[in-house]
Amino acid sequence: MEIRDERERFLLREWTLADVDSLAENISNINIWNNVRDGLPYPYTREDAGTYIRVTMDKPYVQDFAIVVDGKAVGGIGFIPLCDVERYSAELGYWLSEDYWNKGIMSEAIRRVVDYVFRETDIIRLFATVYEYNPASMKVLEKAGFTKQAILRKAAVKNGKVIDMHYFDLVKD
């Protein structure tokens, strides 16, 4: 499956094992790690990349996309469906190589994934959390149509500091 950017800046597609080197090279960056959950290893190795890609390939439908620029996987975006009473909600997560920050790629990638999720799945609500010190990511979500619903005070620990998380969501019309 491929999703193209109308301006042809990037392509969203399923991860493949051919992306191992590019994934490991682009995500192993402390400035990326500072803005994602601690479950993402740092430094990120080729072995981590292979494990992650194999997990994405085993899912029942596409939930994780590589963001490809000039033939290289330089970012990722995906969603995690919830269960039980929250079964129509999913959490959105994303990252992009620092070389491509502030180019409008991520806001458009989010819009494209939102379209896919709302069209191809039963999910009617997407949400994302952003650490208090990452206003750029907050702006990306807002540009993609998300609305800040809350500030979850002292809700996370990152780099040994207790921080607030800003909670954004988008509901299918």
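All residue numbers refer to positions in the sequence shown, counting from 1.
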Inset, instruction - Output yes when Glu132 and Arg153 qualify as a salt bridge under the 4.0 Å nitrogen-oxygen rule, no when they do not. - result: no
Inset, instruction - Check whether any side-chain heavy atom of Leu12 sits under 4.5 Å from a side-chain heavy atom of Glu2, and report yes or no. - result: no
Legend entry - Connected-component partners of Val68 among ILVMFWY, side-chain separation under 4.5 Å: Leu11
Legend entry - Note, Val117 side chain near Leu126 side chain (heavy atom, < 4.5 Å): yes
Legend entry - Non-neighbouring partners of Lys148 that pass side chain to side chain donor-acceptor pair (under 3.5 Å), sequence neighbours left out: His166
Inset, instruction - Would you please indicate yes or no on a ring centroid separation below 6.0 angstrom for Tyr116 and Phe65? - result: yes
Inset, instruction - Indicate whether any N or O donor in one side chain lies under 3.5 Å from an N or O acceptor in the other, for Asp48 and Thr51. - result: no
Inset, instruction - Please determine if Arg4 and Glu8 form a salt bridge, counting it only when a charged side-chain N lies under 4.0 Å from a carboxylate O. - result: no
Inset, instruction - Would you mind checking if Glu91 and Arg37 are paired as a salt bridge, meaning a charged N to carboxylate O distance below 4.0 Å? - result: yes
Inset, instruction - For a side chain to side chain donor-acceptor pair (under 3.5 Å) with Lys158, tell me which candidate from Asp38, Asn34, Asn35 qualifies. - result: Asp38
Legend entry - Minimum heavy-atom distance Val20-Ala49, with the two atoms named: O-CB, 3.6 Å
Legend entry - Smallest separation among heavy atoms of Trp15 and Asp64, with atom names: CD1-O, 3.8 Å
Legend entry - Shortest non-hydrogen contact from Pro81 toward Tyr61: CG-OH, 3.5 Å
Legend entry - Basic-acidic side-chain contact under 4.0 Å: Glu142, Lys139: no
Legend entry - Test: Glu25 and Lys72 ion pair at under 4.0 Å: yes
Legend entry - Name of the residue among Tyr88, Phe168, Tyr167 meeting ring-ring contact (aromatic ring centres under 6.0 Å, His included) with Phe127: Tyr167
Legend entry - Lys172/Asp115 ion pair, N-O < 4.0 Å: no
Inset, instruction - Give a yes or no on whether a salt bridge exists between Asp164 and Lys154, defined as a side-chain N under 4.0 angstrom from a carboxylate O. - result: no
Legend entry - Connected via hydrophobic side-chain network under 4.5 Å: Ile3 and Ile105: yes
Legend entry - Whether Trp33 and Tyr42 hold their rings parallel, tilted or perpendicular, with breakpoints at 30° and 60°: tilted
Legend entry - For the student: nearest non-hydrogen atoms of Asn26 and Ser97, plus distance: OD1-OG, 3.2 Å
Inset, instruction - Grab the two heavy atoms, one from Met165 and one from Ala156, that are nearest each other, plus how far apart they are. - result: SD-CB, 3.3 Å
Inset, instruction - Heavy atoms only: give me the nearest Phe79-Ala90 pair and the separation to one decimal. - result: CD1-CB, 4.1 Å
Legend entry - Short side-chain donor-acceptor distance under 3.5 Å, Tyr131 and Ser137: no
